[in-house]
Amino acid sequence: MLNRKNKLLVMKFVSLFSVIRGYNIPIIVLAQYLSAIFILAPEKRALSILLDFDLFIIVFASSLTIASGYIINNFYDSNKDLINRPNKSILDRLVSQKTKLQVYFSLNFIVVFLAIFVSWRAFLYFSAYIFLIWYYSHRIKKYPIIGNLTAAFLAILPFFAILLYYKNLYEVILGHAAFLFLLLLIREIIKDLENIKGDLANDYKTIPITYGEDISKKIITFLTISTIIPVYVLIEIFDVGYMDMYFYFCLIILIFFLLRLWKSNTKEQFVQLHNVLKFLIVTGVFSIILINPSVLWHGKKLLQSI
């Protein structure tokens, strides 16, 4: 049995895990590796990518940067989250603001230190990434449109770290990035609709607060219809293997998403829409394997031969 002191320590670790959203980071790591294997460096063997130490450092540094980003975002949003996410906020507050800042600076120091050993480009990239996350959390996120665009851009930046490492800029990558960017941008506006009470109380000038709920839904509708463009490009122009099934599935789900959007007007309904988008994004990560499923088959044969 744990004594009271140890229980409190465990709860603080759970609280910090909640602050950095530790459940999201493994998905991002998986997405980076799958992107490297199936999209960014398809000419390389999957095993050589998995055993690439420099790539591991970049992925690890990306994970620490994302974790530190969640911390600084939580630091600035603590009052807003008391209204929007009261239960999560109570758990998050088990770790003091001082401790959060100490962990934040420690993680960023480790990231910059690791990046130096990879290359000067990695050092500049992660330094800029850390600054952009801080500036977004400190100032940009309070403004409509530019805040949403920046949030979506920051969410896809970890994949540009892998792109920078391989120095490959295939047009197909831009198609995947455009589709993901649109889904993330839609999600950000849905989050604004979901969190309107806390944003209003803390003087956040989001799209729903500045332009109203109806305009917000029209923007989301336009962005959702716009996903047809990258989907068409990826399916009809490029070879995405069996991943085309995922894109067809997304288009069907997004049709129902729009129908539900125009009937939604409560926080609970917007949370459901938010979860639909998260499901599509996470499913998209695993669907990358469908580009060339034979890689898994060859990997299985290799492991069996060892």
Side-chain angles (χ1 to χ4, degrees), residues 21 24 27-28 31-32 35 39 66 69-70 73 77 80 84 129 132-133 135-137 139-161 163 172-196 198-199 204-234 246-247 249-262 264 267 269-285 287-288:
R21 303 186 191 182
N24 283 343
I27 297 296
I28 297 171
Q32 286 180 296
S35 296
I39 302 174
I66 293 165
Y70 281 131
N73 191 60
D77 282 354
K80 186 182 79 166
N84 293 331
Y129 190 18
L132 283 173
I133 291 175
Y135 194 64
Y136 163 76
S137 301
R139 186 172 297 273
I140 297 177
K141 74 177 302 179
K142 293 187 177 183
Y143 299 102
I145 303 176
I146 184 66
N148 302 102
L149 290 170
T150 304
F153 175 70
L154 289 173
I156 64 171
L157 265 185
F159 301 99
F160 283 92
L163 180 64
V172 66
I173 296 169
L174 299 179
H176 285 282
F179 180 73
L180 177 59
F181 180 81
L182 287 171
L183 286 185
L184 291 168
L185 187 54
I186 295 166
R187 189 190 67 166
E188 289 301 319
I189 303 175
I190 289 290
K191 283 169 61 179
D192 288 342
L193 287 167
E194 175 188 333
N195 299 327
I196 194 166
D199 290 340
Y204 279 56
K205 306 297 182 182
T206 61
I207 291 176
I209 291 173
T210 305
Y211 303 106
E213 184 177 305
D214 192 59
I215 294 295
S216 301
K217 289 181 177 180
K218 288 180 180 178
I219 293 173
I220 292 170
T221 301
F222 171 76
L223 293 172
T224 303
I225 294 173
S226 297
T227 59
I228 295 173
I229 299 172
V231 167
Y232 173 81
V233 170
L234 287 167
Y246 163 75
F247 291 117
F249 171 74
C250 280
L251 291 181
I252 294 171
I253 296 298
L254 288 174
I255 291 171
F256 290 102
F257 170 85
L258 285 180
L259 295 174
R260 182 66 176 172
L261 171 69
W262 285 97
S264 299
K267 178 181 175 68
Q269 290 171 326
F270 290 128
V271 168
Q272 290 173 359
L273 292 174
H274 183 184
N275 288 334
V276 169
L277 292 172
K278 286 198 292 187
F279 170 75
L280 290 181
I281 292 169
V282 173
T283 305
V285 171
S287 297
I288 294 173

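These numbers come from the heavy atoms of this one structure, side chains and all, not from hydrogens, waters or symmetry mates.
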Nearest 0.5 Å please: distance from the [atom1] atom of [X] over to the [atom2] atom of [Y].
| X | Y | atom1 | atom2 | result |
| --- | --- | --- | --- | --- |
| Ile173 | His176 | CD1 | NE2 | 8.5 Å |
| Leu277 | Ile253 | CG | CD1 | 11.0 Å |
| Phe257 | Leu273 | CZ | CG | 5.0 Å |
| Leu154 | Ile140 | CG | CD1 | 8.0 Å |
| Thr227 | Leu183 | OG1 | CG | 7.0 Å |
| Gln32 | Ile288 | CD | CD1 | 10.5 Å |

Could you report the tightest heavy-atom contact between [X] and [Y], atom names first, then the distance?
| X | Y | value |
| --- | --- | --- |
| Tyr211 | Pro144 | CE1-CB, 4.1 Å |
| Gly69 | Ile133 | CA-CG2, 3.4 Å |
| Ser216 | Gly212 | OG-O, 2.8 Å |
| Ala152 | Leu185 | CB-N, 3.9 Å |
| Lys141 | Asn73 | NZ-OD1, 2.7 Å |
| Phe270 | Ser264 | CZ-O, 3.7 Å |

Contact check, side chains of [X] and [Y], non-hydrogen atoms, under 4.5 Å:
| X | Y | answer |
| --- | --- | --- |
| Ile220 | Leu193 | yes |
| Trp262 | Lys218 | yes |
| Ile145 | Leu149 | yes |
| Thr150 | Tyr143 | no |
| Ile228 | Ile225 | yes |
| Leu182 | Pro230 | yes |
| Pro208 | Glu213 | no |
| Tyr70 | Asn24 | yes |

Note to self: If the threshold is 4.0 Å, N to carboxylate O, is there a salt bridge linking Lys191 and Glu188?
What the structure shows: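 Here Lys191 pairs with Glu188 in a salt bridge, since their nearest N and O are under 4.0 Å apart.
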Next item on the list: Give the intermediate values and the outcome of side chain to side chain contact (heavy atoms under 4.5 Å, CB included) for residues Phe153 and Leu184.
Entry: CA-CA 8 Å; Phe153 175 70; Leu184 291 168; over 6 Å; no
Checklist line | Aromatic plane relationship, Tyr246 with Phe179 - under 30° parallel, 30 to 60° tilted, over 60° perpendicular | finding: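 Geometry flag for Tyr246 against Phe179: perpendicular rings.
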Next item on the list: On the 0 to 90° scale, with breaks at 30° and 60°, tag the Phe249-Phe279 ring pair as parallel, tilted or perpendicular.
Entry: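 Ring orientation of Phe249 relative to Phe279: perpendicular.
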Check: Out of Thr210, Asp77, Asp199, Asn195, which residue meets the side chain to side chain donor-acceptor pair (under 3.5 Å) rule with Tyr204?
Finding: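 Among Thr210, Asp77, Asp199, Asn195, the one that satisfies the side chain to side chain donor-acceptor pair (under 3.5 Å) with Tyr204 is Asp77.
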Margin query: Using modelled atom types and a 3.5 Å cut-off, is there a donor and acceptor pairing between side-chain atoms of Asp192 and backbone atoms of Thr206?
Written below: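 Checked: no pair found.
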Check: Would you say Lys267's side chain and Asn84's backbone share a donor-acceptor pair under 3.5 angstrom?
Finding: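 Checking the backbone N and O of Asn84 against the side chain of Lys267, a donor-acceptor pair under 3.5 Å is found.
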Notebook entry, point to check: Can Leu261 and Ile190 be said to form a side chain to side chain contact (heavy atoms under 4.5 Å, CB included), step by step?
Noted result: CA-CA 9 Å; Leu261 171 69; Ile190 289 290; 3.9 Å; yes
